[in-house]
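Note that the structure is a prediction, hence the values are computed from the model and not measured. All values below were derived from every heavy atom in this structure, side-chain atoms included, with hydrogens, water molecules and symmetry-related copies excluded.
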Amino acid sequence: MQIAFRHSLRDALERPASTVDRIIVSRNHRGDFDWNHVNLLLGRYQDAQGMVLLGAACEGVRHTERFAVAAAAKSEAASRLSVYNAMLWRQQVPRWMLGSAAHPVRIADQKITVAVIAATLPIAEPLLDIASGCGASAIWMRHDDSLRIRNLDRVIWDDSVATADTRQRWVSRMAAIDPTGRSSHAWVANTPRYHQIAAAESAGVQLVLAKPYSIRGLTQWIGGAHQQVATQPYREKLAA
């Protein structure tokens, strides 16, 4: 597979590549975006399939651009243009690149509730999108405060709030938001060290992901690939 990168749609129009059969469009900000340029680009390559990625992980929000998306759907190239939430990619090349549809997201076996604990909404938003894409109800919280909510199924701790700490501190964190010990916990951190991962896991954290992390592991965990069972140290602390 060969990849020709262009930093903008205008650049792609001005510097055409040869033998193009897949066109992927993403953005790094939520500024103005000309959908007509997408149609023009597809017009340059009559046999190419196009994909525009939307979502918090790559900018662009479907509901704020619904009229532009609808207009693009009426273009001559509409049959060759798809709009996907970026989370479907799971940070891996999808089967769409090989000529078939993007791999479906694993949907939770039953309705679950996911809490994302992060310092700000921009940090939490990609995780909220991933959880909602798995069919879960998702909420954002700034603090590990169990007084605000009950019976969580999954708790995702971002290191903007949950920095690396001792096993005992992790036990206290999880007990603060999950007094019954029924929730499954994940920690998303920037290059955690081995002893930091070991401390979290020994306290009962089921999944530790290092940024930039693979979305696949997170969707499988949310969708039910991991059982909702806390580890023994966590249960012992709750029973004490």
Where is the tightest heavy-atom contact between Ala115 and Met141, given as atom of each residue plus distance? CB-SD, 4.2 Å
Could you report the tightest heavy-atom contact between Val208 and Ala200, atom names first, then the distance? CG2-CB, 4.5 Å
So Ile23 and Val38, side chain to side chain contact (heavy atoms under 4.5 Å, CB included) or not? Walk me through it. CA-CA 9 Å; Ile23 300 173; Val38 178; over 6 Å; no
Under 4.5 Å between side-chain heavy atoms, counting indirect links through other Ile/Leu/Val/Met/Phe/Trp/Tyr residues: same cluster for Ile123 and Val114 or not? no
Quick check: do Leu13 and Leu40 have side-chain heavy atoms less than 4.5 Å from each other? yes
For the backbone of Arg22 and the side chain of Tyr45, can you confirm whether one donor and one acceptor N or O come within less than 3.5 Å of each other? no
Return yes if some donor-acceptor pair links the side-chain N/O of Arg80 with the main-chain N/O of Leu42 below 3.5 Å, else return no. yes
Are Asp21 and Gln49 packed together at the side-chain level, in the sense that at least one heavy-atom pair is separated by less than 4.5 angstrom? no
How far does OG1 of Thr191 sit from CG of Asp159, to the nearest 0.5 angstrom? 8.5 Å
What are the two closest heavy atoms between Ala199 and Ser202, and how far apart are they? O-OG, 2.9 Å
Rounded at 0.5 Å granularity, tell me how far CH2 in Trp187 sits from CG in Asp158. 10.5 Å
Could you state the interatomic distance from OG (Ser184) to CG (Asp153), rounded to the nearest 0.5 Å? 8.0 Å
Under the criterion side chain to side chain contact (heavy atoms under 4.5 Å, CB included), I'd like the reasoning laid out for Ile117 against Ile156: C-alpha separation, chi angles, the key distance, then a yes or no. CA-CA 6 Å; Ile117 306 178; Ile156 303 175; over 6 Å; no
Side-chain heavy atoms of Arg182 within contact of Asn151, under 4.5 Å: yes
Leu41 side, atom CG; Leu9 side, atom CG - distance, nearest 0.5 Å: 6.5 Å
Considering all heavy atoms of both residues, which atom of Ser183 and which atom of Leu152 are nearest to each other, and what is their separation? OG-O, 2.5 Å
Quick one: sort the Trp157 and His185 rings into parallel, tilted or perpendicular, breaks at 30° and 60°. parallel
Which residue in the set Ile222, Leu218, Ile112 passes side-chain contact (heavy atoms from CB on, under 4.5 Å) when paired with Cys134? Ile222
Any salt bridge linking Asp178 with Arg173? Criterion: basic side-chain nitrogen under 4.0 Å from a carboxylate oxygen. no
Side chain Arg6, main chain Arg15, donor-acceptor under 3.5 Å: yes
Exercise: identify the closest heavy-atom pair between Val155 and Trp221: O-CH2, 3.6 Å
Nearest 0.5 Å please: distance from the CZ atom of Arg154 over to the CD atom of Gln206. 7.5 Å
Heavy-atom closest contact (Arg10 atom, His37 atom, distance): NH2-CE1, 3.8 Å
The reported gap from CZ in Arg167 to CD in Glu201 (rounded to nearest 0.5 angstrom) is 13.0 Å
Looking only at atom types and distance, does a side-chain atom of Ser160 sit under 3.5 Å from a main-chain N or O of Ala119, one as donor and one as acceptor? yes
Should we count CG of Asp47 as having more than 12 external heavy atoms under 6.0 Å? no
After noting the C-alpha distance and the side-chain angles of Val188 and Lys211, does the key distance pass the side chain to side chain contact (heavy atoms under 4.5 Å, CB included) rule? CA-CA 7 Å; Val188 180; Lys211 301 177 183 179; 3.6 Å; yes
